[in-house]
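These notes are about the structure you will find just below.
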Amino acid sequence: MMKKLIFAFIAAAALCFSAFAKSLVVYFSVPESTKTSGLTRNEENSLVVVDEKALGNVQYVAGLIAEETGADIFRLEAKDAYPTDHTALLNRAAREQRANSRPEIRGKISDFESYDTVFVGYPIWNADLPPVLYSFFDGYDLSGKKVVPFTVHGGSGLAGTPRTIARLEPKAAVEQNAFSESRNTVDSCKERVSNWLKKIGEK
Ligand SMILES: Cc1cc2nc3c(=O)[nH]c(=O)nc-3n(C[C@H](O)[C@H](O)[C@H](O)COP(=O)(O)O)c2cc1C
């Protein structure tokens, strides 16, 4: 009897916590065009067209996660905006990564402390996190939070980034079953996102 009561109490407490737990999706994404048709190969690779809007690959997945989980959403942008021209973007990324740069982030996430779970989305840039992600992990305290990485890549998969994040945030619980989608199949990933969220207990 006592055991049953304890179980019921734990279940009720868990239910209460999940009802009040707050989630946030933070993402970085650089769609290389705002056009929705007549795209070059590079432009096509970097975006998904939804309802006549050009969304970056990671931006699209971030929206799906927010929709499925009811999380708030914040787009990480560098104060000095990234170019959308492919070659200029590659050059700036390479320059910043070589210099280990921490580009300044535009704006601030309000009430960041109040979130229990933070989904963090990014493209893979040269087999690593983009520099703005390093700025984010430097600038925000994720101690005690659950951090859930997701990416859309061009062939590298996660490139070890969940481990990199765990190293950067040793006091956070970093989900190692991160979501990874190829840009070639991103426009059909809705169900995979949903199944993954169920698997990691976020839906
Ligand atoms: C500067 C730069 C470097 C990239 N490096 C890689 C890489 O090393 N491995 C990979 O799989 N994809 C790489 N990509 C491809 C992106 O990860 C991929 O296109 C991603 O889906 C873009 O997401 P976004 O549209 O949300 O920015 C790179 C793209 C850029 C712009």
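When reading the values below, keep in mind they use all heavy atoms of this one structure, side chains included, and skip hydrogens, waters and symmetry mates. Both counts, for ligands and for their atoms, begin at 1 and track the order of listing.
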Expected rows: ligand 1 N/O, protein N/O, dist below 3.5 Å:
{"residue": "ligand 1", "atom": "5 (N)", "partner": "Ile124", "partner atom": "O", "Å": "3.3"}
{"residue": "ligand 1", "atom": "5 (N)", "partner": "Asn126", "partner atom": "N", "Å": "2.8"}
{"residue": "ligand 1", "atom": "8 (O)", "partner": "Asn126", "partner atom": "N", "Å": "3.1"}
{"residue": "ligand 1", "atom": "8 (O)", "partner": "Ala127", "partner atom": "N", "Å": "2.8"}
{"residue": "ligand 1", "atom": "9 (N)", "partner": "Ser156", "partner atom": "OG", "Å": "2.7"}
{"residue": "ligand 1", "atom": "11 (O)", "partner": "Gly154", "partner atom": "N", "Å": "2.8"}
{"residue": "ligand 1", "atom": "11 (O)", "partner": "Gly155", "partner atom": "N", "Å": "2.9"}
{"residue": "ligand 1", "atom": "11 (O)", "partner": "Ser156", "partner atom": "N", "Å": "2.8"}
{"residue": "ligand 1", "atom": "11 (O)", "partner": "Ser156", "partner atom": "OG", "Å": "3.1"}
{"residue": "ligand 1", "atom": "12 (N)", "partner": "Gly154", "partner atom": "N", "Å": "3.1"}
{"residue": "ligand 1", "atom": "14 (N)", "partner": "Ile124", "partner atom": "O", "Å": "3.2"}
{"residue": "ligand 1", "atom": "17 (O)", "partner": "Ile124", "partner atom": "N", "Å": "3.3"}
{"residue": "ligand 1", "atom": "17 (O)", "partner": "Ile124", "partner atom": "O", "Å": "2.8"}
{"residue": "ligand 1", "atom": "19 (O)", "partner": "Arg183", "partner atom": "NH1", "Å": "3.0"}
{"residue": "ligand 1", "atom": "21 (O)", "partner": "Asn57", "partner atom": "ND2", "Å": "2.8"}
{"residue": "ligand 1", "atom": "21 (O)", "partner": "Val152", "partner atom": "O", "Å": "3.0"}
{"residue": "ligand 1", "atom": "25 (O)", "partner": "Ser46", "partner atom": "O", "Å": "2.7"}
{"residue": "ligand 1", "atom": "25 (O)", "partner": "Asn57", "partner atom": "N", "Å": "3.1"}
{"residue": "ligand 1", "atom": "26 (O)", "partner": "Ser29", "partner atom": "OG", "Å": "2.6"}
{"residue": "ligand 1", "atom": "26 (O)", "partner": "Asn57", "partner atom": "N", "Å": "3.2"}
{"residue": "ligand 1", "atom": "26 (O)", "partner": "Val58", "partner atom": "N", "Å": "2.8"}
{"residue": "ligand 1", "atom": "27 (O)", "partner": "Val30", "partner atom": "N", "Å": "2.8"}

What pairs of residues pass the side chain to side chain donor-acceptor pair (under 3.5 Å) test when at least one of them lies in residues 135-149, not counting sequence neighbours?
Arg102-Asp138, Asp141-Ser143, Lys146-Glu202

Pair Arg92 + Asp85: basic N to acidic O under 4.0 Å
no

Under 3.5 Å, side chain of Thr69 to main-chain N/O of Ala71, donor-acceptor pair present?
yes

Quick note, side chain to side chain donor-acceptor pair (under 3.5 Å) partners involving residues 157-171, not counting sequence neighbours, are Tyr122-Thr161

Listing, residues 55-62 side-chain donor-acceptor contacts under 3.5 Å, not counting sequence neighbours, or none:
{"residue": "Asn57", "atom": "OD1", "partner": "Leu47", "partner atom": "N", "Å": "3.4"}
{"residue": "Asn57", "atom": "ND2", "partner": "Asn45", "partner atom": "O", "Å": "2.8"}
{"residue": "Gln59", "atom": "OE1", "partner": "Gly56", "partner atom": "N", "Å": "2.9"}

Going by the salt bridge (Lys or Arg N to Asp or Glu O under 4.0 Å) test, name the single residue among Glu52, Glu44, Glu43 that passes it with Lys35.
Glu43

